[in-house]
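In listed order, ligands and their atoms are each counted from 1.
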Amino acid sequence: MDIFVIQGGSPLSGTVRTAGAKNSVLPILAASLLTEQPLALENVPDLSDVRTMLRILEMLGARVEHTGPNALEICTQPSAQPVAPWELVRKMRASFEVFGPLLGRRGRAEVSYPGGCSIGVRPVDAHIRGFEALGATIRTQEGYVVAEAPPGGLPGGEAYLATSSGSSVGATRNVMMAAALARGRSVLTCAACEPEVVDLANCLNAMGAKIHGAGAPTIEVEGVEALHGARHRVIPDRIEAGTFVVAGAITGGRVRVEGCRPEHLTALLDALYRSGVGIERGPDWIETQPRDLAERLRPTDITTQPYPGFPTDLQAQWMVLMALADGVSVITERIFPDRYMHLAELLRLGARIRRQETAAVVEGVRTLSGASIMASDLRASAALVLAGLVSKGQTQVHRVYHIDRGYERIEERLSQLGATIRRESVPGESQPA
Ligand code: EPZ
């Protein structure tokens, strides 16, 4: 299995280009199930999660042609059984979002109940309630969620997509895809407003769907007879861009993140401003200004919330930045209350953080010292790499397969920014099945 070996202490500087958004391309790939015509996608990030989704779609009858760097064409015949197996669904929760397209296009779906992961239980009750609101009958059997549409297709209806933690991003997208081919009109209320919902809606409308209001809490969908092929460019990954911006901020370097959408990162930019990080921005770039690390940042509290609030996917990265601030910060996690696996690893580097239920109290220290640490989930792993960049001495980050799920060649791109980081294979440590 691979590890990262990082020598900390040098400020990053230079320019990095943002890749396509993982959390947008995955549901958009699933949307290819809604038509038998080809869907041509650009700005597709080269990630293991993308490869996992493509394997699932190929099992569901898709043919994939890689048409260039970060570009592919996918075309699905409804030949194969509409069944997504546990072996693949368990590896990636987003694969549950093939459910809506299968139900909408084929009138039936059978998808393994996705397991939990290190950030929480991850239920799908809002998805199920949404499909029932559209007129499907749903049952669970032997670990699978099975749905049938009435003869003639889903009638459509009003789906309420709230959960105890706010709107569900996945349920909004899943139900929107099923509603696109329903016989009648559907209204999605308390819908998620994330840019990755809007990007999917834009792609579906390019395919002939009639979706209005994506990006707002109420989305209206006029069902259509059929969808056709389209060409779509995936939006930039706001979480990857935010991670590189924090990398510049934490090392005190001048890092310019290009090809991003600053308007998707207003909560992070506000928190950086409050903490004293110098930021310049343009229409599609963000640049951190050089900082003497002896001038420590102001402690700055954040609470994670649905978009446009502070993204839960940047919470771990923010914790690393505040671990070196000049005072005490409180980080409150409202989306995934157990999303603190990175906390124990940061303590190993000398951070002073204590958990208080859904909050973490971070008492800033002057320096962190390198050690061997363990990645647990995708975003926490990226935060541990950031910590290694700023820790004195050498840090080894283990289980970096978590990072490869959501960050394209991160060690190469950080090296291009001046980081001392290399990937090493460590025989004996097990790679995930
Ligand atoms: C998406 O996950 C993202 N994944 C996550 O990013 C992101 O953290 C999350 O949205 C929140 O922004 C993808 O887009 C592939 P939710 P999703 O449904 O759709 C609860 C990453 O690292 N809930 O909005 O699964 C749930 O437990 C990943 O890139 C229910 O209770 O998130 C959570 O507490 C991690 N019932 C909250 O809602 C449901 O039916 C938000 O979940 C569904 C969700």
Side-chain angles (χ1 to χ4, degrees), residues 19-31 45 47-50 52-53 56 89 91-100 111 113-133 138 140 145 159-177 188 190-200 217 234-235 237-243 264 267 304-317 333-339 341-342 358 375-383 402-408:
K22 168 182 86 79
N23 292 349
S24 190
V25 73
L26 293 176
I28 285 174
L29 284 168
L47 304 170
S48 60
D49 270 11
V50 170
T52 300
M53 180 61 94
I56 292 170
V89 175
K91 295 178 87 169
M92 182 184 67
R93 172 186 169 78
S95 40
F96 193 71
E97 292 181 41
V98 301
F99 199 102
V111 179
Y113 213 97
C117 63
S118 58
I119 64 174
V121 173
R122 314 291 299 268
V124 289
D125 55 309
H127 298 243
I128 291 170
R129 284 198 305 274
F131 295 132
E132 287 174 332
I138 300 222
T140 52
V145 181
Y160 179 67
L161 299 166
T163 73
S164 54
S165 310
S167 307
S168 163
V169 175
T172 301
R173 295 186 305 220
N174 226 348
V175 174
M176 185 164 70
M177 286 190 276
L188 280 55
C190 202
C193 303
E194 271 67 3
E196 295 78 23
V197 170
V198 176
D199 199 30
L200 172 64
V234 175
I235 57 171
D237 192 315
R238 61 193 168 100
I239 303 304
E240 183 200 72
T243 303
H264 289 167
T304 65
Q305 299 175 72
Y307 188 86
F310 195 97
T312 174
D313 294 344
L314 287 173
Q315 178 255 103
Q317 296 88 321
E333 175 58 64
R334 290 245 189 280
I335 307 297
F336 295 107
D338 292 329
R339 193 172 199 169
M341 294 286 283
H342 44 288
T358 61
S376 55
D377 73 86
L378 166 54
R379 305 305 176 180
S381 322
H402 288 292
I403 299 181
D404 294 332
R405 290 189 49 192
Y407 292 89
E408 200 177 283

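- In this structure, Pro123 is part of the shell of residues with a heavy atom less than 4.0 angstrom from ligand 1.
- For an aromatic pair to be called close, the ring centres must be under 6.0 Å apart, and His127 with Phe99 fails this.
- The closest side-chain donor-acceptor pair between Tyr113 and Thr140, if any, does not fall under 3.5 angstrom.
- What sits closest to atom 15 (C) of ligand 1 on the protein, heavy atoms only, is Asn23 OD1, 3.3 Å.
- Against a heavy-atom cut-off of under 4.0 Å, Val124 is close to the following atoms of ligand 1: 39 (C), 40 (O).
- With a 4.0 Å cut-off on non-hydrogen atoms, Arg339 touches ligand 1 through its side chain and not its backbone.
- Salt bridge Arg122/Asp338: absent, no basic N to carboxylate O contact under 4.0 Å.
- Where the criterion is an N or O separation shorter than 3.5 Å, residue side chain and backbone included, Thr163 meets it with respect to ligand 1.
- Of all protein heavy atoms, the one lying nearest to atom 5 (C) of ligand 1 is Asp313 OD2, 3.9 Å.
- In this structure, the protein non-hydrogen atom closest to atom 22 (O) of ligand 1 is Arg379 NE, 3.0 Å.
- For atom 11 (C) of ligand 1, the closest non-hydrogen atom of the protein is Thr312 CG2, 3.9 Å.
- Looking only at heavy atoms of the protein, atom 2 (O) of ligand 1 is closest to Arg122 NH2, 3.5 Å.
- Under a 4.0 Å N-O distance rule, the pair Glu240/Lys22 does not qualify as a salt bridge.
- Looking only at heavy atoms of the protein, atom 37 (C) of ligand 1 is closest to Ser165 CB, 3.7 Å.
- The distance from ligand 1 to the heavy atoms of His127 drops below 4.0 Å at these ligand atoms: 40 (O).
- Atom 19 (O) of ligand 1 has its closest protein heavy atom at Gly170 N, 2.8 Å.
- The proximity of Ala126 to ligand 1, defined as any non-hydrogen pair under 4.0 Å, involves the side chain as well as the backbone.
- Judged by the shortest distance from any of its heavy atoms, Arg173 lies inside the 4.0 Å radius around the atoms of ligand 1.
- Note: no N/O pair closer than 3.5 Å links Glu194 and ligand 1 by distance alone.
- Both the backbone and the side chain of Val169 come within 4.0 Å of ligand 1, judged by heavy-atom distances.
- Ser376 and Met341 make their closest contact through OG-CB, 3.1 Å (heavy atoms, listed as atom of the first residue, atom of the second, distance).
- A salt bridge does not link Arg339 to Glu333: none of the charged nitrogens lies less than 4.0 Å from a carboxylate oxygen.
- When only non-hydrogen protein atoms are considered, atom 9 (C) of ligand 1 lies nearest to Phe336 CE1, 4.0 Å.
- Here Ile335 has heavy atoms under 4.0 Å from ligand 1 in both its backbone and its side chain.
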